[in-house]
Amino acid sequence: MTNAVLLSYPFRGRWLTQNSPASRVPSHGTTLFGTSYAIDFVPVDNDGRSARITIRSLVAREHPRTFIGFGRDVLAPIDGTVVAVYDSIPDHAAYRGIPSLGYALTQSHRARKGWLGLAGNHVMIESDAGPVLALCHLQLGSIPVAEGQRVRSGDIIGRCGNSGNSTEPHLHLQAIDRLDVDIARAVPITFDHGLPRNGQIKDIDDSGEQAQDAHGMTPV
């Protein structure tokens, strides 16, 4: 197995871990587009919720602004060079409860659109160590970096959105061995103190240090 690339957490504040390769591989149930070791992070409040749950949230679509994480800064997880930027896909409605079941049935439609249909707005960074990092589902119009630009770990590269294959605002992060996602191989990732497992909350302070480590509830 390729050695895992060491990353910094690409956010500040409280984020819930989902679809972690620490819990299963392939983490998202597929090896397509080098996603075997991908990980998702969902911004949450002190109660581990991404948004307040109401009767409406269980039966109807919701605007992404309903979620506390929509528009939160997303940071470069490593030093490197921006090698791809896509920032043209509108943020769509979020789906919880019953609507999420219908949205799941349309996933094959998005998959047929290829990488863009799944990733949505995204930034790809070629790290100085070699692997390429992809940060996906970013908010439309939020990306301040351009191809060829150097970034350092902790630099803002966009904001958390709900573009692409996403049921609610969150960040999808993965590492691959080359820019061409159609033929790329997945590269394992890790963080200081290792990979968080599904349901684990990472609370990262302004200095980038872990402020708290707790188990949270999966948003519904």
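Since the structure is predicted, the reported quantities are computational estimates derived from the model, not experimental observations.
Under the ring pair (Phe, Tyr, Trp, His ring centres under 6.0 Å) criterion, no residue pair touches residues 57-76, with sequence neighbours excluded. A ring pair (Phe, Tyr, Trp, His ring centres under 6.0 Å) check over residues 188-208, counting only residues at least two apart or in different chains, returns the pairs Tyr9-Phe191. For residues 28-44, no pair satisfies salt bridge (Lys or Arg N to Asp or Glu O under 4.0 Å), with sequence neighbours left out.
Taking the side chain to side chain donor-acceptor pair (under 3.5 Å) definition, one finds that His170 meets it with Ser166, sequence neighbours left out. By the side chain to side chain donor-acceptor pair (under 3.5 Å) test, Asp155 pairs with no residue at all, sequence neighbours left out. Residues passing the side chain to side chain donor-acceptor pair (under 3.5 Å) test with Glu126, sequence neighbours excluded: none. Every residue two or more places apart in sequence or in another chain that forms a ring-ring contact (aromatic ring centres under 6.0 Å, His included) with His172 is listed here: His28, His137. Under the rule for a side chain to side chain donor-acceptor pair (under 3.5 Å), Arg72 has no partner lying at least two apart in sequence or in another chain. Take Arg178 and apply the salt bridge (charged side-chain N to carboxylate O under 4.0 Å, His left out) test, not counting sequence neighbours, and it matches no residue. Scored by the salt bridge (charged side-chain N to carboxylate O under 4.0 Å, His left out) test, Asp177 finds no partners at all (sequence neighbours excluded).
When side chains are defined from C-beta on, Arg150 counts as touching Asp128, because their heavy atoms get closer than 4.5 Å. Within the 4.5 Å cutoff, the side chain of Leu138 has no heavy atoms near those of the Arg159 side chain. When side chains are defined from C-beta on, Thr30 counts as touching Thr35, because their heavy atoms get closer than 4.5 Å. Using a 4.5 Å heavy-atom cutoff, the side chains of Asp91 and Pro169 are not in contact. At a threshold of 4.5 Å between non-hydrogen side-chain atoms, the residues Ile157 and Ile143 do not count as touching. Side chains of Pro10 and Leu171 form a contact here, defined as non-hydrogen atoms less than 4.5 Å apart. Under the 4.5 Å side-chain criterion, counting only non-hydrogen atoms from C-beta, Ile189 is not in contact with Leu6. Looking only at side-chain heavy atoms (C-beta outward), Asn198 and Arg24 stay at 4.5 Å or farther from each other.
The two atoms that bring Lys202 and Thr17 nearest to each other are CG-OG1, 4.2 Å, heavy atoms only. Summarising the geometry of Cys160 relative to Gly69, their closest heavy-atom pair is CB-O, 3.3 Å, with the distance given to 0.1 Å. Here the closest heavy-atom approach between residue Pro144 and residue Gly158 is recorded as CD-N, 3.7 Å. Residue Pro21 comes nearest to Ala38 through the heavy atom pair CD-O, 3.2 Å, listed as atom of the first residue, atom of the second, then distance. Nearest heavy atoms, Pro196 versus Phe41: CG-CE2, 4.1 Å. Of all heavy-atom pairs between Ala93 and Asn162, the closest is O-ND2, 3.2 Å.
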Decide side-chain contact (heavy atoms from CB on, under 4.5 Å) for Val123 and Val145; before the verdict, give the C-alpha distance in whole Å, the side-chain angles of both, and the deciding distance to 0.1 Å.
CA-CA 8 Å; Val123 171; Val145 296; 4.2 Å; yes
Would Tyr37 and Ser20 count as a side-chain contact (heavy atoms from CB on, under 4.5 Å) if you check the C-alpha gap in whole Å, the side-chain angles of each, and the deciding distance to 0.1 Å?
CA-CA 7 Å; Tyr37 305 109; Ser20 173; over 6 Å; no
For Ser50 and Glu168: C-alpha separation, side-chain torsions, deciding distance, then whether side chain to side chain donor-acceptor pair (under 3.5 Å) applies.
CA-CA 9 Å; Ser50 58; Glu168 65 178 273; 2.6 Å; yes
Take Gln174 and Leu135, measure what side-chain contact (heavy atoms from CB on, under 4.5 Å) needs, and give me the verdict at the end.
CA-CA 7 Å; Gln174 68 182 74; Leu135 299 100; over 6 Å; no
Kindly indicate, with the supporting measurements, whether the criterion side-chain contact (heavy atoms from CB on, under 4.5 Å) is fulfilled by Val151 and Ile125.
CA-CA 8 Å; Val151 292; Ile125 301 168; 4.0 Å; yes
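Arg14 and Asp203 are joined by a salt bridge, as a carboxylate oxygen and a charged side-chain nitrogen come within less than 4.0 angstrom of each other.
Counting only N and O atoms by type, the side chains of Ser153 and Ser8 include a donor and acceptor under 3.5 Å apart.
Ser36 places no side-chain N or O within 3.5 Å of a backbone atom of Ala186 that could act as its donor or acceptor partner. Using modelled atom types, one side-chain atom of Asp45 and one backbone atom of Asp47 make a donor-acceptor pair closer than 3.5 Å. A donor-acceptor pair is defined here as one N or O able to donate and one able to accept, closer than 3.5 Å; such a pair exists between the side chain of Arg197 and the backbone of Ala22. Between the side chain of Thr31 and the main chain of Pro26, no donor-acceptor pair closer than 3.5 Å is present.
Cluster membership for Ile68 and Ile201, using ILVMFWY side-chain heavy atoms within less than 4.5 angstrom, is not shared. Phe11 and Leu133 fall within the same hydrophobic cluster, defined by Ile, Leu, Val, Met, Phe, Trp and Tyr side-chain heavy atoms under 4.5 Å apart, directly or through other members. Residues Leu179 and Leu32 share a single hydrophobic cluster, defined by chaining ILVMFWY side chains whose heavy atoms lie under 4.5 Å apart. No continuous path of hydrophobic side-chain contacts links Val181 to Ile183 [ILVMFWY only; heavy atoms under 4.5 Å].
The 12-atom threshold is not exceeded at CZ of Arg65, counting heavy atoms of other residues, nucleotides or ligands nearer than 6.0 Å.
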Validation: residues 82-90 side-chain donor-acceptor distances under 3.5 Å, sequence neighbours left out:
| from | atom 1 | to | atom 2 | distance (Å) |
| --- | --- | --- | --- | --- |
| Asp87 | OD1 | Gly141 | N | 2.7 |
| Asp87 | OD2 | Gly141 | N | 3.3 |

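Rounded to the nearest 0.5 Å, atoms CG (Asn19) and OG (Ser27) are 6.5 Å apart. Annotation: the span from Leu7 atom CG to Leu173 atom CG amounts to 6.0 Å, rounded to 0.5 Å.
By the 30° and 60° cut-offs, the orientation of the rings of His92 relative to Tyr95 is tilted.
Ile156 shares a hydrophobic cluster with Leu75; the chain of contacts runs through ILVMFWY side chains whose heavy atoms sit under 4.5 Å apart.
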